[in-house]
Amino acid sequence: MVYDATDSSLHALTPVAAELLSLLLDGQAHTPTELAGRLLMDDPHPDEVNDVCSQLMQFEHLGLLERSHP
């Protein structure tokens, strides 16, 4: 579960989504390919990278993630 203090909402995460979110908490910029590789501990298949992209968009939609702009 993730608590969003901005709107007092609570979000249930799958174990994979929770692991992905924990990878993002290091404050570094990551590409979806890098994140998929870290989750799998192997070279990701394009479908797996797409899954990570989808999850990142879901995080953004929920307000758990903001895109950084260079």
Side-chain angles (χ1 to χ4, degrees):
M1 297 288 240
V2 174
Y3 176 72
D4 185 351
T6 58
D7 64 1
S8 300
S9 60
L10 197 58
H11 305 283
L13 300 178
T14 65
V16 173
E19 187 174 351
L20 178 59
L21 190 58
S22 73
L23 291 174
L24 295 169
L25 292 175
D26 69 4
Q28 302 297 312
H30 301 284
T31 67
T33 302
E34 291 169 341
L35 291 167
R38 289 180 66 190
L39 284 171
L40 298 167
M41 293 187 219
D42 199 1
D43 290 331
H45 185 274
D47 288 341
E48 294 162 331
V49 175
N50 287 337
D51 290 343
V52 167
C53 288
S54 294
Q55 185 62 61
L56 293 173
M57 287 189 296
Q58 184 67 21
F59 286 161
E60 188 174 6
H61 175 74
L62 293 171
L64 299 175
L65 179 67
E66 260 184 40
R67 268 183 218 232
S68 63
H69 301 281

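Note: hydrogens, waters and symmetry copies are ignored here, and every other heavy atom, side chains too, is used. What you are looking at is a predicted structure, and each value in this text was computed from that prediction instead of being measured. All residue numbers in this chain count up from 1 along the given sequence.
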Requested in this report: Enter the distance from E19:CD to L13:CG here, rounded to the nearest 0.5 Å.
Outcome: 12.0 Å
Query raised in the report: Quick one: does L56's side chain get under 4.5 Å of L35's, heavy atoms only?
Result: yes
Query raised in the report: With the 4.5 Å side-chain cut-off for hydrophobic clustering, are L62 and L24 part of the same group?
Result: yes
Report task. May I ask whether L39 and L65 are part of the same hydrophobic cluster, defined by side-chain heavy atoms of I, L, V, M, F, W, Y residues being less than 4.5 angstrom apart, directly or through others? Result -> yes
Report task. Give a yes or no on this: more than 12 heavy atoms of other residues, nucleotides or ligands lie within 6.0 Å of atom CG of D43. Result -> no
Requested in this report: Could you give me the CA-CA distance, side-chain angles and deciding distance for L40 and E48, then say whether side chain to side chain contact (heavy atoms under 4.5 Å, CB included) is met?
Outcome: CA-CA 9 Å; L40 298 167; E48 294 162 331; 3.1 Å; yes
Report task. With rounding to the nearest 0.5 Å, note down the distance linking CG in L20 to CZ in F59. Result -> 4.5 Å
Report summary line: Looking only at heavy atoms, the pair that brings V52 and P32 closest together is CG1-O, 3.8 Å
